[in-house]
Structures are given as structure tokens and as C-alpha cells.
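Positions are given from 1 along the sequence. Note that these values count all heavy atoms, side chains included, but never hydrogens, waters or copies made by symmetry. Since this is a predicted model, take the numbers as computed values, not measurements.
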Amino acid sequence: MALMVVGHVGRKYLLPFLTVGKHQKYAGFVAMIADEITDDLRHKYPDKQWTEWLDEAVDLLVDICEVGPDVARRAISAAVARRQAG
């Protein structure tokens with residue numbers, strides 16, 4: 001009986017916690033790759049505004065990370081904002 005309770009508690013509380021950790025780690029990887037893409041495109045096109053190569057950056061992130069275009073656009077926009085702020 002105690003093993004069933006431990007299993008239930010583990011499934012209910014521990015498994016979602018571990019899943020959130022995986023999602024946070026994956027989001028960190030996506031953000032890191034978005035930073036690399038924006039840095040690379042900034043060096044590739046130094047005379048252009050970031051809005052001119054935004055679509056290329058989004059397409060690259062979609063191809064590399066296999067995320068949706070909305071997620072990729074938010075990640076690239078956040079990477080650009082981080083670079084402009086710092």
C-alpha cells in the first residue's frame with residue numbers, strides 16, 4: 001500500500017516538476033542558439049538593421065531547433081533585445 005502511495009505522489013508531483021525542468025533546459029538551449037544566430041547575422045550584415053534579416057534568423061532557428069515560427073520569432077526578438085540592452 002505504501003508503494004502505491006509513493007508511486008501516486010511521484011506521478012502527481014515529481015513527474016511534472018521534472019518535465020518543467022526539461023522544458024526550461026530546452027528553452028535555454030533555444031535562447032542560446034537564437035543568440036548565436038543573431039550574432040552571426042549581425043556580423044554577416046553589419047550595415048543592415050536587424051529587422052532586415054529577421055526572417056532569415058527565424059527560418060534558421062526553425063530549421064535548427066524544430067520549433068514553430070511564432071516561438072522562433074519571439075526567441076530571435078528576445079535575443080536582439082538582449083544584445084541591444086547589453
Please tabulate, one pair per line, all N/O donor-acceptor pairs under 3.5 Å involving side-chain atoms of residues 65-74, not counting sequence neighbours.
from, atom 1, to, atom 2, distance (Å)
Arg73, NH2, Asp55, OD1, 3.2

>> I need the full list of salt bridge (charged side-chain N to carboxylate O under 4.0 Å, His left out) pairs touching residues 31-40, with sequence neighbours left out, sorted by first then second residue.
In response: Asp35-Arg82, Asp39-Arg83
> What pairs with Phe29 under side-chain contact (heavy atoms from CB on, under 4.5 Å), at least two apart in sequence or on another chain?
Replying inline: Lys25, Met32
> Among all residues two or more places apart in sequence or in another chain, which pass the side-chain contact (heavy atoms from CB on, under 4.5 Å) test with Gln49?
Replying inline: Thr51, Glu52
>> To check you understand the geometry: which heavy-atom pair defines the closest contact between Trp53 and Thr38, and what is its length?
In response: CH2-O, 3.8 Å
> Salt bridge between Glu56 and Lys44, side-chain N to carboxylate O under 4.0 Å?
Replying inline: yes
> With a 4.5 Å heavy-atom cut-off, do Ile64 and Ile37 have their side chains touching?
Replying inline: yes
>> According to side-chain contact (heavy atoms from CB on, under 4.5 Å), who are the partners of Ala75, at least two apart in sequence or on a separate chain?
In response: Val30, Ala34, Leu61
